[in-house]
Amino acid sequence: MNWEVIQSYLPLYEKAALLTLKIGWLGIAFSIVLGFVCAIIRHYKVPVLHRIVGIYIELFRNTPLLIQLFFLYFGLPKIGISIDAEVCGVLGLTLLGGAYMAESFRSGLESIEPIQTESAMSLGMSRLQTIWHVILPQAISSSVPAFVANIIFLLKETSVFSAISLMDLMFTAKDLIGLYSKTIECLAMLVVFYLLILLPVSIIGSIVEKKLRFAGFGE
Amino acid sequence: MPDLGLDVLFKGINMQRLLGGLWVSLRISLIAIAISIFLGLVVGWLMTRKNIVIKAVTRVYLEIVRIMPQMVLLFIVFFGTTRLFGWNIDAELSSVIVFSFWGVAEMSDLVRSALISIPKHQYESAYALGMSEGQTYLSVIIPQTFRRLIPLAINLITRMIKTTSLVMMIGVVEVLKVGQQIIEANRKASPNAAFGVYLTVFVLYFIVCWPISMFSKRLEKKWS
Amino acid sequence: MKKIIRKIAAITLAAVVAAALLAGYAFAADDVVYRTVDEIKESGTINIGVFSDKSPFGYVDEYGEYQGYDVYFAQRLAQDLGVEINYISTEAANRIEYLQTGKVDVILANFTVTEERAQEVDFALPYMNVALGIVSHDDRVIRDLSEIGADDRIIVISGTTAETYLVKNYPDILLQKFDTYAAAKSAFENGTGVCWANDNTEVIAFAIENEGYTVGIESLGSADTIAPAVTKGNESLLNWLNDEIKALGEEKFFHADYEATLAETYGLDYEDTLVVEGGVVAAAE
């Protein structure tokens, strides 16, 4: 290990990490919103919309982000739609993440037995109250593990942004290896930076997961 | 009608080459999936045991896989093992190793969380009814676990198939790379090939993954 | 709380394991793996790294066959060694890595000889001349790098000499980096970046083959050469290659190569400027 090399690369990695974080979190924030909306639309079968959302979810859950990005970034301009690389990254991550979040959240909603709604209503709660006080807390808590997994999955997926020329961590490492052949240092820094980004998420995720496990009774 | 650049697909054996490329990705994922399901079930069950050593080891393993992007792992295995051990592993084998390493971890985590999501009273009631541990697992826990597990596991399978698109980055000539080669060789004759080719690759992946997802949905419905 | 502590312990351990692996990786890094000429002959196959998306130097045609100037040479090498070729598709930034880890025996991927690279791999005698060139869209032709504005981006391919040159000499110019030729060209066509910097051979070919582009700068940086590269220390293969290149000079092999693969793109005008025969670079004009 050559520490001087590591030091001289540090600013580049920091910049790359910031880009990874920026696009990653923007994409994740949007995908949570998108996923939530889609899940509600699907679960409560909003007319027309739920079909469209269904097609969207199937399309984006069943194709790789890399291909989606290639299509968005290289394919679409051929028919006159040009999107900037960063926007493309956020858009791609949002579309992919939205589809995943929607499914996780929907399966959370579906895991709640109808009897709960019936009991809540028979206790005199309104439909909204039932959703707010009974369904959502349980749905969220039972989809938390999947949510956390999705967030980590999406952050990791940012590594494919290199394909559309975004200078994220993966691209920076590959680029520096190509330029100066300091493979070991570059890969080591890559691992360390991903650890720095993803470890906190993983730790916080599992704490939240434990704290929110109030859906399973009998323990 | 704008030129969608679909004509290149019918030149020479281009379509056949794309499908060949798809098969390369699929072969890698199928092998890795088989390994992952088998080992994942075993490791996942081990993880619910009380043994502290097993717990520690699996935890560490899981954390490494959980937070390292597959692309990083691919690079480390493909270029790293040669440097470290002098093994010359080709790109396809490296991919299988990385995807299995990742798949086993994710699968076992799913198995673990499915197992622990079964409330304790289910075990207790089964024991109270006089069932042995084996019987409890076989007729009470496993059926319930599977119902929770299958949708997530199939989600993982499609995810693995999709993630094989990354193997292009370590030089496996799979569907996306073939696509790029086609675009490149026909740049002059068919300037819009990028649209047609990437759309086709998108559709091909969808055709592969969608039926699998549908199958899991049907199973899910049937069992609930 | 206990669980969280345990979790953190596990994670620390994970980090330590990762670090240990990397450290081991670092210590073993000097072991270079390569195959000698005899070993290659014995195995019956030579692994040659070429581009698969860099027409007309290394690309794949619609029948799935590798073609191009580099490939034509590769075929001859295999023929004279009496072995089959296993082509390995490389990207610019991977080339050194492929040699150092023994994934390929020879790189014939339009590899420009530079001092930095020569510290990592061994170059044989050259077979082509090259400099850098810059191609722009017709509506705004860049004829000098001083025309590049503060917000303009130049497209480069990661791991190429164009990238190294610009990073070193023009650190203030913004670069838009791609990792494959195919990606860089598609993006350039789609209007990303004001111009594209690469080997002049490549940008000239691009401007000839595609309408709407002009090579504003034909030669930038130093005049370099392109040569086969082998893993550092692989003398047996290096010597064999050098002898081969010298011998091929007798029969004007690279001129024939040019005429078979490049003439269609460049015409015959560039033949003597590009081709290096017998490993001897003609004195600068």
Side-chain angles (χ1 to χ4, degrees), chain A residues 58-80 100 103-104 107 110-111 142 145-146 149 152-153 155-160 162-163 169-170 173-174 177 183-184 186-187 190-191 194-195 197-199 201-203 205 209 213 215-219, chain B residues 2-5 63 66-72 75-76 79-80 83 106 109 113 117-122 124 148 151-152 155 158-159 161-166 168-169 175-176 179-180 183 191-199 201-210 212-214 220 224:
Chain A
E58 293 307 328
L59 267 182
F60 280 81
R61 277 177 63 88
N62 292 301
T63 48
L65 178 62
L66 187 62
I67 317 283
Q68 294 163 13
L69 288 177
F70 264 71
F71 183 67
L72 290 174
Y73 191 68
F74 297 114
L76 284 186
K78 300 290 179 200
I79 54 164
Y100 272 93
E103 284 297 273
S104 308
S107 74
E110 280 177 5
S111 70
S142 70
I152 294 175
F153 161 67
L155 277 177
K156 283 160 69 178
E157 282 289 285
T158 59
S159 62
V160 312
S162 59
L169 283 171
M170 194 67 217
K174 280 197 299 190
I177 291 173
T183 316
I184 300 136
C186 288
L187 284 179
L190 181 65
V191 169
Y194 271 117
L195 281 176
I197 290 180
L198 285 153
L199 262 185
V201 181
S202 176
I203 294 174
E209 205 173 304
R213 262 185 63 81
F217 53 94
E219 277 192 78
Chain B
D3 171 19
L4 297 183
E63 277 308 317
R66 199 162 124 107
I67 59 185
M68 271 305 126
Q70 287 78 37
M71 193 114 95
V72 176
F75 264 68
I76 291 178
F79 292 121
R83 293 195 175 220
E106 288 236 10
D109 196 32
S113 57
S117 74
I118 310 286
K120 248 189 206 143
H121 69 80
Q122 296 267 355
E124 284 157 5
R148 290 175 197 222
L152 293 170
N155 167 353
T158 54
R159 226 189 252 191
I161 292 176
K162 290 183 306 172
T163 311
T164 45
S165 57
L166 297 184
M168 170 192 148
M169 302 290 182
V175 59
L176 196 56
Q180 284 195 334
I183 293 168
N192 282 353
F195 184 86
V197 169
Y198 292 139
L199 181 67
V201 176
F202 186 89
V203 171
L204 283 177
Y205 266 102
F206 183 73
I207 291 173
V208 172
C209 294
W210 191 61
I212 305 177
S213 305
M214 284 294 107
E220 208 182 334
S224 60

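Order of the sequence lines sets the chain letters (A, B, ...), proteins ahead of strands, with each chain counted from 1.
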Could you walk me through whether B:Ile67 and A:Lys156 pass the side chain to side chain contact (heavy atoms under 4.5 Å, CB included) check? CA-CA 7 Å; B:Ile67 59 185; A:Lys156 283 160 69 178; 5.8 Å; no
Any idea how A:Phe74 and B:Tyr198 line up, ring-wise: parallel (<30°), tilted (30 to 60°), or perpendicular (>60°)?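 Ring orientation, 0 to 90° scale: tilted.
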Between [X] and [Y], which heavy-atom pair has the shortest distance, and what is it?
X	Y	answer
B:Met68	A:Val191	CE-O, 3.4 Å
A:Ala163	B:Met169	CB-CE, 4.0 Å
A:Ile67	B:Leu176	CD1-CD1, 3.7 Å
A:Met170	B:Val72	SD-CG2, 3.9 Å

Let me confirm one number: the [atom1]-[atom2] distance from [X] to [Y], rounded to the nearest 0.5 Å.
X	Y	atom1	atom2	answer
B:Arg159	A:Glu157	CZ	CD	8.0 Å
B:Tyr205	A:Thr63	OH	OG1	10.0 Å
B:Phe75	A:Cys186	CZ	SG	11.0 Å
B:Glu63	A:Ile203	CD	CD1	7.5 Å

Which of [options] touches chain B most, by non-hydrogen pairs under 4.5 Å:
options	answer
A:Ser104, A:Ala146, A:Pro64, A:Pro77	A:Pro64
A:Asn62, A:Leu190, A:Ile177	A:Asn62
A:Val160, A:Leu169, A:Leu59, A:Leu155	A:Leu59

Atom group of A:Ser162 that falls short of 4.5 Å from chain B, counting heavy atoms: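 The answer is the side chain of A:Ser162.
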Partner chain A: residue of B:Leu199, B:Val201, B:Thr158 with the largest heavy-atom pair count (under 4.5 Å):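 Of B:Leu199, B:Val201, B:Thr158, B:Leu199 has the most heavy-atom pairs under 4.5 Å with chain A.
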Set of side chain to side chain contact (heavy atoms under 4.5 Å, CB included) partners for A:Leu76, sequence neighbours left out: A:Phe71, A:Leu72, A:Ile79, A:Ile81, A:Ile83, B:Phe195
Checking side-chain polar atoms at under 3.5 Å, does A:Glu58 have a donor or acceptor matched by the opposite partner on B:Ser213?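 There is no such pair (donor and acceptor under 3.5 Å, judged by atom type) between the side chains of A:Glu58 and B:Ser213.
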